[in-house]
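Model, not experiment: these values are computed from the prediction.
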Amino acid sequence: MPHVTLIGNLRLFTGGVTELDVEAKNIRQLFVALGQRFPDLAPHLKEGLAVAIDGQIYQDALLIPIAENSDVQVLPQIAGA
């Protein structure tokens, strides 16, 4: 199961949780799962967040696959990118 780390101020919307394992096959599924688990985070996921999967950063690419053993970081949208 992918290991997810929430970066920056995102912990404000998760009750302080910054790391967890989430069952997801792509970024869209990841955002759905995170939004269900943390309803306060859901509106921010709809605005768009950047996601790094095994060191590669993606923005606005919801169908990028996530491997079973990936290390995933969710971070605030990167300005100007």
*Asks:* Between G35 and A42, what is the shortest heavy-atom contact and its length?
*Replies:* CA-CB, 4.0 Å
*Asks:* Do L20 and R37 have side chains that approach each other closer than 4.5 Å (heavy atoms only, starting at C-beta)?
*Replies:* yes
*Asks:* Any side-chain to backbone donor/acceptor pair from D71 onto D54? Under 3.5 Å, distance only.
*Replies:*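 Not at all, since once roles are kept as given, no pair shorter than 3.5 Å links the two residues.
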*Asks:* Per the side-chain contact (heavy atoms from CB on, under 4.5 Å) rule, which among L30, V51, N26, I27 passes with I64?
*Replies:* I27
*Asks:* If you look at every heavy atom in P2 and A24, which pair is closest and at what distance?
*Replies:*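 That would be CG-O, 3.8 Å.
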*Asks:* Same cluster or not: L45 versus V32, using hydrophobic residues (I, L, V, M, F, W, Y) connected whenever any side-chain heavy atoms lie under 4.5 Å apart?
*Replies:* no
*Asks:* So, for A50 and P76, which heavy atoms are closest and what is the spacing to 0.1 Å?
*Replies:* CB-O, 4.0 Å
*Asks:* Do M1 and I66 sit in one hydrophobic cluster, given that two such residues count as connected whenever their side-chain heavy atoms are within less than 4.5 Å of each other, even indirectly?
*Replies:* no
*Asks:* What's the spacing between L34 CG and Q29 CD if we round to 0.5 Å?
*Replies:*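 Rounded to the nearest 0.5 Å, the CG-CD separation comes out at 12.0 Å.
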*Asks:* For the residue pair L75 and A52, what are the closest heavy atoms and their distance?
*Replies:*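 Nearest pair, atom of L75 first, then A52: CD2-N, 4.2 Å.
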*Asks:* Which atom pairs, donor and acceptor, lie under 3.5 Å between side-chain atoms of residues 5-19 and protein residues at least two apart or in another chain?
*Replies:*
from	atom 1	to	atom 2	distance (Å)
R11	NH1	G8	O	2.9
T14	OG1	R11	O	3.2
T14	OG1	V17	N	3.2
T14	OG1	V17	O	2.6
E19	OE1	H3	NE2	2.8

